Amino acid sequence: MAHAEAILDLLGLSDIRDRRIGALPYGTLKLLELGCALATDPDVLLLDEPSSGMGPEESHELGERLLRLREELGVTMLLIEHHVPLVAAVCDYVYVLNFGKLLAEGDPESIRSHPEVIAAYLGGEAPEALAETAAPQDQEGLLGVSG
């Protein structure tokens, strides 16, 4: 019970501990899902698009919580995420996929300034580089590692 209470405190969810989950807002439910994963005391936490459906402010708050979890619990995280600011804030190393092919890899700052990443994710242009990696049957995404 103390472990569960500590996770609720860490995620800022102590005030909802006795509420029915059906009435909770979407962002709170996402945090609760994270808490369920943390309750297993993982060494590595795999997160698939943890900020999906969240607005920019909620995503920023999620990033702060993930950093705090990393610091306080020492858990390594692997994120698959399209929200570039979240990946850059939380991850130590980033792999960028575009249509299933590796487009770039490196520290978050070098990824943010990489021309092909800008074209694929941040709205810039580098069509020749993107054409080399495009394959319609595959998917795109950023893979970040922290911890």
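In this text, all values refer to a predicted model and were calculated from it rather than measured experimentally.
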Which heavy-atom pair separates [X] from [Y] by the least distance, and what is that distance?
{"X": "Ala120", "Y": "Leu103", "answer": "CB-CD2, 4.0 Å"}
{"X": "Val75", "Y": "Arg70", "answer": "O-CG, 3.7 Å"}
{"X": "Leu86", "Y": "Pro50", "answer": "CD2-CG, 4.4 Å"}

Test side-chain contact (heavy atoms from CB on, under 4.5 Å) applied to Glu72 - qualifying residues, sequence neighbours left out: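 Scan of Glu72 (side-chain contact (heavy atoms from CB on, under 4.5 Å), adjacent residues dropped) gives Leu10, Arg68.
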Under the side-chain contact (heavy atoms from CB on, under 4.5 Å) test, which residues partner Ala89, sequence neighbours left out?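 side-chain contact (heavy atoms from CB on, under 4.5 Å) list for Ala89, sorted by chain: empty.
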Please, which pairs that meet salt bridge (Lys or Arg N to Asp or Glu O under 4.0 Å) have at least one residue in residues 9-21, sequence neighbours excluded?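 Listed once each, the pairs are Glu5-Arg17.
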Kindly compute the distance separating [atom1] ([X]) from [atom2] ([Y]), expressed to the nearest 0.5 Å.
{"X": "Ile111", "Y": "Glu105", "atom1": "CD1", "atom2": "CD", "answer": "7.5 Å"}
{"X": "Cys91", "Y": "Leu67", "atom1": "SG", "atom2": "CG", "answer": "9.0 Å"}
{"X": "Leu47", "Y": "Met77", "atom1": "CG", "atom2": "CE", "answer": "7.0 Å"}
{"X": "Leu66", "Y": "Glu81", "atom1": "CG", "atom2": "CD", "answer": "9.5 Å"}

Table please: side-chain donor-acceptor pairs of residues 23-46 below 3.5 Å, with sequence neighbours left out.
unit_1	atom_1	unit_2	atom_2	d
Tyr26	OH	Ser52	O	3.2
Lys30	NZ	Ser52	OG	3.3
Thr40	OG1	Ala37	O	2.7

Would you check if the side chain of Glu116 reaches a backbone N or O of Ala104 as a donor-acceptor pair within less than 3.5 Å?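 The answer is no, because no donor-acceptor pair under 3.5 Å joins these two groups.
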Test item: His114 and Val96 side chains (from C-beta on) under 4.5 Å apart, heavy atoms: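 When only atoms from C-beta onward are counted, Val96 and His114 do not touch, as no gap falls below 4.5 Å.
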Write out all pairs satisfying side chain to side chain donor-acceptor pair (under 3.5 Å) with one or both partners inside residues 53-64, taking only residues at least two apart or from two chains.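 The answer is His60-Glu64.
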So Leu11 and Leu69, side-chain contact (heavy atoms from CB on, under 4.5 Å) or not? Walk me through it. CA-CA 8 Å; Leu11 294 173; Leu69 289 173; 4.0 Å; yes
